[in-house]
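First up is the structure itself, then whatever we jot down about it.
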There are 2 protein chains.
Amino acid sequence: MAIPRAAKTQRRTRIQEEKEEQILEAALDVFSVSGFRGSTIDQIAEVAGMSKPNLLYYFRTKEAMHRALIDRVLFTWLEPLRAFNAQGNPESEIRGYIRRKLEMARDFPRESRLFANEVLQGAPHIEDELKGPLKELVDEKAAVIRSWAKAGKIVKCDPYHLIFSIWSTTQHYADFDVQVRAVLGQGQSGEGRFEDAARFLEQLFVDGLSVRTNQPAS
Amino acid sequence: MAIPRAAKTQRRTRIQEEKEEQILEAALDVFSVSGFRGSTIDQIAEVAGMSKPNLLYYFRTKEAMHRALIDRVLFTWLEPLRAFNAQGNPESEIRGYIRRKLEMARDFPRESRLFANEVLQGAPHIEDELKGPLKELVDEKAAVIRSWAKAGKIVKCDPYHLIFSIWSTTQHYADFDVQVRAVLGQGQSGEGRFEDAARFLEQLFVDGLSVRTNQPAS
DNA sequence: TGTAATGTTTACCAGTCGGTCAAATTATCC
DNA sequence: GGATAATTTGACCGACTGGTAAACATTACA
């Protein structure tokens, strides 16, 4: 008599590790394009190269798959913001944060779109994460930015909207990739485009936030 | 014998005008939240307060509804960029563009999300619009911005990425509204939040783009 | 007011959806 | 190698999907 579900076993077998990996990889492919409602288990099963009941052997429901995916991706996704260092130099910290976020948009566009789809559709599955861990992390980093502004190291500005603007400008290149490509044309794609975006954004934020020498902060 | 479909008639009746309006309004509600694949005709019919076959009397297919909606919304959506004036003063033009885009994000969030959903999912229904009218308009305005930079009126920067960054930062407040609200907390919503965002973005872009007096452009 | 055109609804269809079941197959371990 | 647990599959289910047919109701207009 088989144990009802893989999840019930104490130790995960090699096969379980492999298949769950395989499934989540396929699920990321599908969910990131079509969102939760727009995706079907059949699609994911086909991408994963296994039958639907087999897939449902590892994840009981579509929701369970989606949740496992979100949980796995969320931690990594917040890494750049977590790396934001209060002791560091404001200009290089902001520059570094932009670059790391931009690299993630380039290297993990599916992860970005997964969240974008979810938030766009009202975040029905990740509301708790947004109001909990995410908000706490942002609050913490916002305090850092505010202290920099108070100390005259950067111009006075709303730290929350600063963070929003860095999120939106960088993730734009993952989430709206089709549009960006349509507007820029075939000409330059890939690395060239990435460097242009990085140069522009660093210029925008560094110049836009530095204290102007002809209008001293003090 | 009834004429097959309303679309076939030469003159639109009063009822047609009203019902089509009613349907597109409901369709905007639904499509903007769930995207094309994730939305169902039944949902739209319920929101519109009419039976599914009645709805299908005015729009033959789900696709037709979606297309009609996109066509109607696209023109309005590009209005702020079209208003961008080559003869105007660079600073006030950019400031005005940001404010208009932000107003649209506030007043027409559903329209913003409709496009966001569509582009995010690979723009399967609006690829032509992106590569055609949109690209042309952006090319035109990019040329204006480039001429300003050449004339030393603003700092030298990539005009395309400038436009992308204004799009992303402003539309963020419509598309990622749930996240913005979760992070900012209940405290200030509505008008206060809007003014904070406007102040921050105008500061960011105006200071970030102005030619620094201690590093003259010439 | 009559009648033809327009508008609305009920009942229905075939295909797809998320998910179950039991039987068959494969891996594991003594 | 055999018993036992883990894995995989085909057949299937009821609910929902986009869309149709045809009868019925309403409107516009001569």
Side-chain angles (χ1 to χ4, degrees), chain A residues 1-27 29-31 33-69 121 124-125, chain B residues 1-27 29-31 33-69 121 124-125:
Chain A
M1 175 218 329
I3 287 171
R5 294 287 165 180
K8 280 249 181 172
T9 60
Q10 303 294 356
R11 240 176 281 182
R12 326 244 317 278
T13 67
R14 178 180 48 81
I15 291 183
Q16 273 174 43
E17 299 270 10
E18 283 175 15
K19 289 289 162 117
E20 286 177 13
E21 180 64 31
Q22 201 176 328
I23 291 168
L24 289 181
E25 171 69 21
D29 257 21
V30 176
F31 281 136
V33 169
S34 306
F36 183 77
R37 277 224 64 198
S39 304
T40 73
I41 300 184
D42 295 81
Q43 279 174 46
I44 298 170
E46 198 189 327
V47 173
M50 59 180 83
S51 67
K52 180 167 63 167
N54 195 7
L55 191 149
L56 284 164
Y57 172 73
Y58 292 100
F59 296 93
R60 273 206 248 289
T61 64
K62 190 176 150 185
E63 283 240 13
M65 283 180 36
H66 192 252
R67 169 133 298 276
L69 197 54
Q121 309 192 356
H125 305 92
Chain B
M1 176 217 334
I3 288 171
R5 294 288 164 178
K8 281 249 182 171
T9 59
Q10 305 292 357
R11 239 177 282 185
R12 327 245 315 278
T13 67
R14 176 182 50 82
I15 291 182
Q16 272 173 43
E17 300 269 9
E18 284 174 11
K19 292 287 163 121
E20 287 178 12
E21 180 64 31
Q22 201 176 328
I23 291 169
L24 289 181
E25 172 68 20
D29 256 21
V30 176
F31 281 136
V33 169
S34 307
F36 183 77
R37 278 224 61 199
S39 304
T40 71
I41 300 184
D42 296 79
Q43 280 174 46
I44 297 170
E46 197 188 327
V47 173
M50 59 179 82
S51 67
K52 180 167 64 171
N54 194 6
L55 191 150
L56 284 164
Y57 172 74
Y58 293 100
F59 296 93
R60 271 206 251 287
T61 63
K62 192 175 146 184
E63 285 239 11
M65 283 180 36
H66 192 253
R67 169 132 299 279
L69 197 53
Q121 310 193 354
H125 306 92

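Below, chain A is the first sequence line, B the second, and so on; all start at residue 1. Side-chain atoms are counted along with the backbone in the values below, which use heavy atoms only and exclude waters and symmetry mates.
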Self-check item: First encountered from the 5' end of DNA chain D, between B:T61 and A:G49
Solution: A:G49

Quiz item: Distance check: side-chain N/O of A:N54 vs OP1/OP2 of D:dT9, anything under 4.0 Å?
Solution: yes

Quiz item: Going by modelled atom types, is there a donor-acceptor pair between the base of C:dG19 and the side chain of A:K52 at under 3.5 Å?
Solution: yes

Quiz item: Among A:L56, A:N54, A:L55, which one satisfies side chain to side chain contact (heavy atoms under 4.5 Å, CB included) with A:K52?
Solution: A:L56

Quiz item: If you check the B:P53 side chain, which of D:dT7, D:dA21, D:dG19 turns out closest?
Solution: D:dA21

Exercise. Using only side-chain N and O atoms of B:Y57, determine if any of them is under 4.0 Å from OP1 or OP2 of C:dG7.
Key: yes

Practice problem: Evaluate side chain to side chain contact (heavy atoms under 4.5 Å, CB included) for A:L69 paired with A:H125, printing each intermediate quantity in order. | Solution: CA-CA 11 Å; A:L69 197 54; A:H125 305 92; over 6 Å; no

Quiz item: Which one, C:dG7, D:dG19, C:dA11, comes nearest to the side chain of B:Q16?
Solution: C:dG7

Quiz item: OP1 or OP2 of C:dT9 less than 4.0 angstrom from a side-chain nitrogen or oxygen of B:S51, does that happen here?
Solution: yes

Quiz item: Does a nitrogen or oxygen in the side chain of B:K19 sit under 4.0 Å from OP1 or OP2 of C:dT8?
Solution: yes

Quiz item: Given C:dT16, is OP1 or OP2 found less than 4.0 Å from the side-chain N or O atoms of B:R37?
Solution: no

Quiz prompt | Nucleotide of C:dG19, D:dT9, D:dG19 approaching A:L56 most closely (side-chain heavy atoms) | solution = C:dG19

Self-check item: Among C:dG7, D:dT20, C:dG18, the nucleotide that comes nearest once only the side chain of A:D42 is considered
Solution: C:dG18

